[in-house]
Amino acid sequence: MDRQRPNPASRAARAEALSGREGLGYVARVTEEPTAQSEAETDPLLAPLNEHQRQAVKHGDGPLLVLAGAGSGKTRVITHRVAWLVERRGVAPWHILAVTFTNKAAGEMRERLERLLGPAGAEVQVSTFHAAGATLLRREAERVGLTRSFVIYDDSDQLQLIRRAMKEEGVFEDIKPKTVRQRIDDAKNRAWLPEDLAVGTHDRVGQAVRRVYARYQRLLRAANAVDFGDLLLELVLLFKRHPDVLERYRRRFEYVLVDEFQDTNPVQYELLKLLCPKSRANLCVVGDDDQSIYRWRGADPSNILSFERDFPGAETVKLERNYRSDAGILDAAYAVISKNARRKEKRLWTDRPKGEPLRILFAPDERAEAQLVAAQARELASQGVPYSEIAIFYRVNAQSRVVEEAMRLSGLPYRVVRGRAFYERAEIKDAAAYLRLAVNPRSDADLERVINTPARGIGATTIERLRGFAQSEELSLYEALAHAGHVPGLNAGAQRRLRAFRDLVDALSSEAAAAGEAGTAVERIVEKSGLIAALVAEQTKEADERTENLREFIGAAFEYDRLHAAGELVGAEGSEEGPLKLAQTPLEAFLEQISLVGDADSEDDSGRVSLMTLHAAKGLEFDAVFMTGMEESVFPHSRALGGESGGVDPEELAEERRLCYVGITRARRRLWFTLAQQRALFGNLQLNDPSRFLADVPRELFDLGAPAAAVQAERHEPGELYVEREDEVDLGDDDGFVVTDEFDQRPEWERRRELERKAEKPPEPLRRRPEVAVPTVGARVRHEQFGDGLVVGSAGGGGPNASVRVRFPGLGERKIVARFLKPL
DNA sequence: CAGCCAACTGAACAC
DNA sequence: CAGTTGGCTG
């Protein structure tokens with residue numbers, strides 16, 4: 001918000017503040033703060049900016065590179081620059097394209113622009129790379145062999161189709177579909193077509209990938225579908241093949257601004273270079289190589305380095321003044337990031353005081369770690385820190401479960417910021433598949449997903465035959481359904497069921513076409529699909545939950561309608577004036593959103609503690625931040641460390657380091673690092689050393705024994721942590737919780753050996769739930785909620801989660817986990 | 001030939 | 001611990 005506004009402090013005051021930081025290794029770079037120019041003082045677009053920011057905002061035509069450190073006010077620079085272009089330079093807002101990486105960032109930018117520019121702000125084209133790609137690709141769909149109702153396949157649809165392509169290409173061997181997907185994605189990120197893959201004669205995997213890639217593309221096209229990579233790649237190809245189309249968009253987007261430029265992959269960069277020809281490139285890119293954390297997605301931070309070469313005459317502006325964090329936090333961040341080789345040297349500075357010391361919380365295991373964090377969060381709240389200003393970060397989503405548990409246990413309000421979890425639920429994906437099928441019946445992947453969901457007696461064999469027929473006749477599965485009678489090997493029953501399914505799809509299509517709103521369409525289609533009916537019939541707790549999710553999904557569609565006043569997106573396309581719009585039905589637009597956005601919970605997120613991965617944290621800021629799991633092989637992730645096979649991957653490790661830098665720089669005032677001595681992750685026990693990143697932070701930045709600190713640390717050998725003392729942390733009377741007296745300094749093998757000695761078999765004390773006798777069929781049992789019932793069968797599951805089917809009088813049968821039952 | 005269960009495998013980050 | 005696969009039964 002307004003935290004980035006520089007204090008109108010006088011030069012003298014600033015000098016004073018600076019002098020107070022001596023001895024902390026500060027580099028005072030504050031040399032050329034301006035003597036105010038009258039324009040800068042009076043112009044509301046410039047007044048809140050420092051000299052470097054102004055320079056970027058006022059930059060005229062031609063390429064501009066802004067190297068913007070964390071918290072240096074880069075979003076402010078971008079929005080003010082857009083406003084400057086519109087208000088001072090008279091550029092029509094729809095001639096400006098601003099690209100971000102996340103939907104969150106795009107939303108925030110739109111909001112800020114509307115605040116700065118009023119209604120004109122809404123006419124600026126602000127979107128993510130992929131969303132912009134989807135819009136343009138739809139407009140030009142016919143040119144690349146798609147219709148404009150093409151569907152966007154997500155990772156799992158993609159995987160399914162790749163499996164298919166592998167089968168058809170006769171590729172089984174021991175190549176995993178996921179490996180192939182990775183290779184195809186990599187290729188697409190580099191704008192390589194199958195024939196561009198350099199494959200040696202002895203590279204059997206490479207050759208297989210090439211064939212599968214080619215066939216996969218044909219399957220996608222036949223299904224009128226694209227994957228995420230295609231949204232950008234197809235556009236690049238289109239622009240290269242149709243210079244007239246490219247020219248049209250070049251004129252449309254006179255000014256292009258790119259946020260998080262360090263995260264662009266080669267295709268994205270290619271796209272930018274196409275849209276902004278050197279001769280008249282009004283391209284402004286803003287980035288920070290230290291915050292490049294999407295290497296695995298093909299991002300190439302060296303794009304930053306190539307920019308000045310690719311766009312000769314580019315002006316470069318560096319923003320190093322940080323408006324967010326206390327000095328101690330910046331020191332820690334610098335200590336971590338400066339260990340990376342090959343980075344553009346820059347160091348954030350602030351005139352804020354050093355602030356609170358950093359803290360380390362050390363716990364015996366991950367549950368205790370979570371409880372420590374929760375206890376500390378509650379303490380903060382009692383000191384008046386709003387929940388919404390507290391964030392808990394972790395490296396992998398799998399860590400969130402324990403933290404959530406602890407939060408619930410402590411009664412703290414929280415929200416989990418998670419990309420697309422909601423849309424990854426099976427029932428939601430089923431519903432979405434029905435919707436997409438209604439819009440685009442050619443989508444084989446969607447059809448296959450739902451043809452027997454809910455069960456319609458159409459099994460694998462029937463589908464296989466149908467597919468064989470479709471393939472030989474070059475039809476989509478949907479088209480093949482119309483000829484069920486001609487499919488060899490199908491008996492009358494199967495034919496009847498297939499026809500019935502085709503009738504269903506047709507009925508859904510008419511619903512889709514008839515409905516004026518997304519909400520009604522989704523409601524009708526989900527209703528007609530039979531998904532809800534099947535779940536209701538199941539009468540189990542899980543099924544009830546799923547039904548609930550489907551209702552929420554329908555609710556989300558109605559909410560979508562509410563936010564996008566009906567008709568707004570329909571019609572009005574093609575004009576070269578005004579914002580770029582797409583003729584789509586509300587249902588289509590809603591589908592687009594769920595493919596590209598994914599986050600359904602519009603729940604009010606104020607007043608809650610935020611839980612998220614470090615990746616999701618980029619671009620955000622909080623008063624208090626907890627970085628959890630500060631252990632080797634958790635963070636840095638084991639993948640960067642190589643594990644058993646091979647050693648450390650320096651590139652990966654550098655990226656982990658940047659991720660750590662991103663996490664640290666999210667904090668304004670308070671920062672905790674937390675770690676556990678032993679951790680159960682993915683079901684097995686790990687004894688990890690403290691993260692090497694902890695050892696990189698100078699010890700004098702840490703607390704030396706404040707009451708709230710559990711431990712305090714001293715630097716030792718890299719990766720080791722020596723704990724001198726700790727004070728008690730009040731965790732309430734939770735049973736079984738112990739704060740360790742001392743951190744065990746012995747090397748891991750020694751600790752492990754002792755554990756093994758003690759436990760005679762290797763340490764697996766985690767997850768040791770009590771074994772529960774599974775009630776036998778016929779037994780009478782009591783359930784706390786449902787009352788007395790009769791066990792009528794086993795319902796699967798093993799060990800502590802074994803469940804049985806129980807018939808309760810008046811309630812019907814329910815699936816119950818056995819340990820919740822008392823024998824009568 | 002559909003549906004169920006047991007066993008196996010493999011497991012970041014997310015548009 | 002999930003999602004997928006293979007074998008068995010009705």
Side-chain angles (χ1 to χ4, degrees), chain A residues 99-106 127-134 152-156 158-160 163 176-179 182 185 188-189 226-232 260 263-265 267-268 292-299 393-401 417-421 423-426 452 454-465 489-491 493-494 497 592-599 612-618 629 633-640 643 652 655-656 658-659 662-663 680-684 766-767 793-799 801-803:
Chain A
V99 195
T100 63
F101 269 82
T102 64
N103 297 288
K104 220 162 30 191
S127 57
T128 64
F129 262 110
H130 287 87
I152 302 166
Y153 279 0
D154 72 11
D155 312 13
S156 57
Q158 209 187 347
L159 207 57
Q160 192 194 337
R163 284 207 191 93
K176 289 170 214 139
K178 282 187 181 170
T179 311
Q182 183 65 48
D185 279 346
K188 289 190 173 182
N189 286 338
V226 299
D227 61 19
F228 279 110
D230 284 342
L231 289 176
L232 306 163
E260 309 279 12
D263 287 332
T264 48
N265 63 33
V267 185
Q268 289 161 336
S292 169
I293 56 174
Y294 287 106
R295 213 175 76 91
W296 48 276
R297 221 167 66 185
F393 300 157
Y394 33 80
R395 178 63 181 84
V396 297
N397 275 312
Q399 287 171 256
S400 78
R401 174 167 258 155
V417 180
R418 194 167 15 196
R420 29 194 322 124
Y423 292 116
E424 270 160 14
R425 292 168 205 261
N452 201 32
R456 301 188 171 90
I458 303 176
T461 318
T462 304
I463 296 172
E464 199 47 58
R465 286 183 179 149
L490 287 186
N491 61 33
R497 289 190 284 262
E592 187 93 330
Q593 169 165 301
I594 65 177
S595 315
L596 292 169
V597 178
D599 194 12
M612 68 190 84
T613 64
L614 284 155
H615 282 85
K618 190 158 75 148
S633 98
V634 175
F635 189 35
H637 194 275
S638 53
R639 235 144 148 129
E652 289 276 315
E655 177 132 325
E656 296 288 312
R658 292 191 291 266
L659 196 52
V662 166
L681 205 54
F682 302 124
N684 53 359
L766 287 258
R767 310 245 163 270
S794 143
N801 285 330
S803 57

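Owing to the predicted nature of the structure, the values given are computational and were not obtained by experimental measurement. By convention in this document, chain letters (A, B, ...) are assigned in the order of the sequence lines, proteins followed by strands, and residues within each chain are numbered from 1.
- Applying the 4.0 Å criterion to OP1 and OP2 of B/dA2, one finds that A/N452 has every side-chain N and O outside that range.
- Neither OP1 nor OP2 of C/dA2 sits under 4.0 Å from any side-chain N or O of A/R425.
- When heavy atoms are screened at a 4.0 angstrom cut-off, A/R465 is found touching the sugar-phosphate backbone but no base atom.
- The side chain of A/T102 contributes no N or O atom lying less than 4.0 Å from OP1 or OP2 of B/dC15.
- Using a 4.0 Å heavy-atom cutoff across all strands shown, A/R658 reaches no nucleic acid atom at all.
- Looking at heavy-atom distances under 4.0 Å, A/A494 makes no contact with the nucleic acid at all.
- Rounded to whole Å, atom C1' of C/dT5 lies 14 Å from atom NZ of A/K178.
- Classified by interplanar angle (parallel below 30°, tilted 30° to 60°, perpendicular above 60°), the ring pair A/F228/A/H130 is perpendicular.
- Among A/L659, A/T613, A/I293, the single residue meeting the side-chain contact (heavy atoms from CB on, under 4.5 Å) criterion with A/K618 is A/I293.
- When rounded to the nearest whole Å, the span between CZ of A/F228 and C1' of B/dC13 equals 14 Å.
- A/E656 comes within 4.0 angstrom of a base, heavy atoms only.
- Listed pair A/T613 / B/dA14 meets the phosphate criterion, a side-chain N or O lying under 4.0 Å from OP1 or OP2.
- Nearest nucleotide to the side chain of A/N103, out of B/dC15, C/dC1, B/dA12: B/dC15.
- Regarding A/D154, its CG atom lies at a distance of 13 Å from the P atom of C/dG3, rounded to whole Å.
- Listed nucleotides: B/dC15, B/dC1, C/dA2. Nearest to the side chain of A/T128: B/dC15.
- In this view, A/E464 and A/R164, A/R467 satisfy the side-chain contact (heavy atoms from CB on, under 4.5 Å) rule, not counting sequence neighbours.
- Positionally, the nearest nucleotide of DNA chain B for A/A455 lies more toward the 5' end than for the other of A/A455 and A/H637.
- Checked against B/dC15, B/dA2, B/dA14, the side chain of A/A616 finds its nearest nucleotide in B/dA14.
- A/A132 is linked by a side-chain contact (heavy atoms from CB on, under 4.5 Å) to A/S127, counting only residues two or more places apart in sequence or in another chain.
- Residue A/G459 is the one, among A/E652 and A/G459, whose nearest nucleotide of DNA chain B lies closer to the 5' end (criterion: closest heavy atom).
- A/T102 OG1 to A/H615 NE2: the interatomic distance, rounded to the nearest 0.5 Å, is 12.5 Å.
- We find the CD-CH2 distance between A/E655 and A/W296 to be 8.5 Å, quoted to the nearest 0.5 Å.
- The interatomic distance linking A/L490 (CG) with B/dC1 (P) rounds to 9 Å, in whole Å.
- Between A/E656 and A/R639 no salt bridge is recorded (no basic side-chain N to carboxylate O distance below 4.0 Å).
- A donor N or O paired with an acceptor N or O is not found under 3.5 Å between the base of B/dA12 and the side-chain atoms of A/E655.
- Look at A/S595 and you won't find any side-chain N or O under 4.0 angstrom from OP1 or OP2 of B/dC15.
- Regarding contacts with the backbone of B/dA11, every side-chain N or O of A/N397 stays at 4.0 angstrom or more from both OP1 and OP2.
- In the interface, the side chain of A/D155 is paired with the base of B/dC15 through a donor and an acceptor atom under 3.5 Å apart.
- In this structure, CD of A/E424 is placed 9 Å from P of C/dG3, rounded to the nearest angstrom.
- Comparing atom distances between the A/K176 side chain and each of C/dT4, B/dG10, B/dA2 picks out B/dG10 as nearest.
- Residue contacts for A/F129: at a heavy-atom cut-off of 4.0 Å it reaches no nucleic acid atom on any strand shown.
- Ring stacking is absent between A/Y294 and B/dC13, as the pair misses the limits of under 5.5 Å between centres and under 30 degrees between planes.
- Between A/R639 atom CZ and B/dA11 atom C1' the separation is 8 Å, expressed in whole Å.
- To the nearest angstrom, P of B/dA2 lies 8 Å from CG of A/N491.
- Atom CG in A/L159 sits roughly 8 Å away from atom P in C/dT4 (whole-Å rounding).
- Considering only the side chain of A/R297, B/dA14 comes nearest among B/dA11, B/dA12, B/dA14.
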